[in-house]
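Notes follow once the structure below has been shown.
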Amino acid sequence: MSKVQTAADFILSKTAVRPEVAMVLGSGLGSLSDIMDIDAEISYSDIPGFFKPTAYGHAGKLFVGHVSGRACAILSGRFHMYEGHTAAQAAFPAYVMAKIGVKKIIYTNAAGAVNTDFSVGDLMLIQDHINLMGVSPIVNEYVDELGVRFVDMSTAYTPALLEKAQQAGREMGILLRKGVYGMFLGPQFETPAEIRMARLLGADAVGMSTVPEVIGARHCGLEILGFSCMTNMAAGILDQPITHQEVLETGKRVEDKMMKLLKTLVPLL
Ligand code: HPA
């Protein structure tokens with residue numbers, strides 16, 4: 001049996017809930033599981049093929065239950081390539097979610113704002129991404145098992161979901177920026193020269209996750225929505241250093257806004 005199937009079977013054995021929507025929560029955004037009526041709480045270390053996250057602010061738990069009445073899975077914590085995981089390992093949970101029946105997946109992450117019109121604390125809907133990594137999770141693993149090899153990425157972030165999120169934001173009076181997310185490996189923050197390069201290439205925000213997950217999610221046919229929380233202005237914009245502390249603190253500050261938005265949005269998807 002495949003690794004994906006083994007993990008999916010394990011999760012399904014822990015709950016009778018069959019989620020259609022999944023959310024992956026990034027740094028400092030982890031307590032969004034508060035918005036859920038939880039049916040099962042599963043430690044990543046118990047799920048075959050999952051890892052224990054080493055990034056601070058990542059709970060390393062899968063919650064299955066209901067958000068605003070909609071069956072949902074929340075992945076609190078993700079596997080970053082900067083932790084030493086391969087792109088395929090970072091994407092693994094997307095395949096497992098598809099296997100348990102999830103159709104739509106929402107990614108949240110912390111990011112540095114490259115677009116100087118943005119402010120710290122802003123939320124950005126990811127319209128598109130730039131893979132600055134030069135690697136892909138589908139170079140070999142899973143290729144024949146769950147999807148085609150040459151995956152179309154022209155509408156990776158599902159336009160209909162983007163539209164629904166924008167509508168929810170408007171109705172709730174929550175400002176939602178829209179833009180392009182560029183992924184660097186990290187874990188060091190970028191240099192000012194790298195940020196100038198990212199801006200020239202068309203990035204509005206930069207971070208250290210999400211891209212391999214989205215490629216994997218597209219590969220297995222999931223619909224995708226992505227939110228970046230601008231936890232800081234990217235390197236070189238302000239005359240001050242960037243700290244992980246600042247990233248976590250802004251994440252905490254924005255969490256409430258994010259939580260309200262997701263709570264409203266999930267049943268609309
Ligand atoms: N760069 C990369 N990743 C990040 C940043 C940043 O400035 N802030 C939060 N995650």
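For the numbers below, each heavy atom of this structure counts, side chains included, while hydrogens, waters and symmetry mates do not. Both ligands and their constituent atoms are indexed starting at 1 by order of listing.
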Tell me which protein heavy atom sits closest to [atom], plus the residue, atom name and distance to 0.1 Å.
atom	value
atom 3 (N) of ligand 1	Gly207 CA, 3.3 Å
atom 9 (C) of ligand 1	Thr231 OG1, 3.3 Å
atom 5 (C) of ligand 1	Gly112 N, 3.4 Å
atom 4 (C) of ligand 1	Val206 O, 3.8 Å
atom 10 (N) of ligand 1	Ala110 O, 3.3 Å
atom 2 (C) of ligand 1	Glu190 OE2, 3.1 Å

Before accepting this row, confirm whether a basic side-chain N of the pair [X]/[Y] lies closer than 4.0 Å to the acidic partner's carboxylate O.
X	Y	answer
Glu249	Lys252	no
Arg70	Glu20	yes
Glu163	Lys178	no

Problem set entry | Over 12 non-hydrogen atoms of neighbours within 6.0 angstrom of NZ in Lys263 |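 At most 12 heavy atoms, drawn from other residues, nucleotides or ligands, come within 6.0 Å of this atom.
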Exercise. Tell me, do Phe189 and Val247 make a side-chain contact under 4.5 Å, heavy atoms counted?
Worked result: yes
For this session: Report yes if the side chains of Met153 and Asn131 come closer than 4.5 Å at any heavy-atom pair, otherwise no.
Result: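 No, their side chains stay 4.5 Å or more apart.
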Exercise. Between Phe79 and Phe51, what is the ring plane arrangement, given parallel below 30°, perpendicular above 60°, and tilted in between?
Worked result: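 Ring orientation of Phe79 relative to Phe51: perpendicular.
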For this session: Please identify which atoms of ligand 1 are closer than 4.0 Å to at least one heavy atom of Val247.
Result: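 Listed by number with element, the hits are 8 (N), 9 (C).
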For this session: Check Asn232 against ligand 1 and report side chain, backbone, both or neither, counting heavy atoms closer than 4.0 Å.
Result: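 Side chain only; the backbone of Asn232 stays clear of ligand 1.
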Exercise. Quick one: does ligand 1 sit under 4.0 Å from the side chain of Ala111, the backbone, both or neither, non-hydrogen atoms only?
Worked result: backbone
Problem set entry | Contact with ligand 1 for Phe184, non-hydrogen, under 4.0 angstrom | no
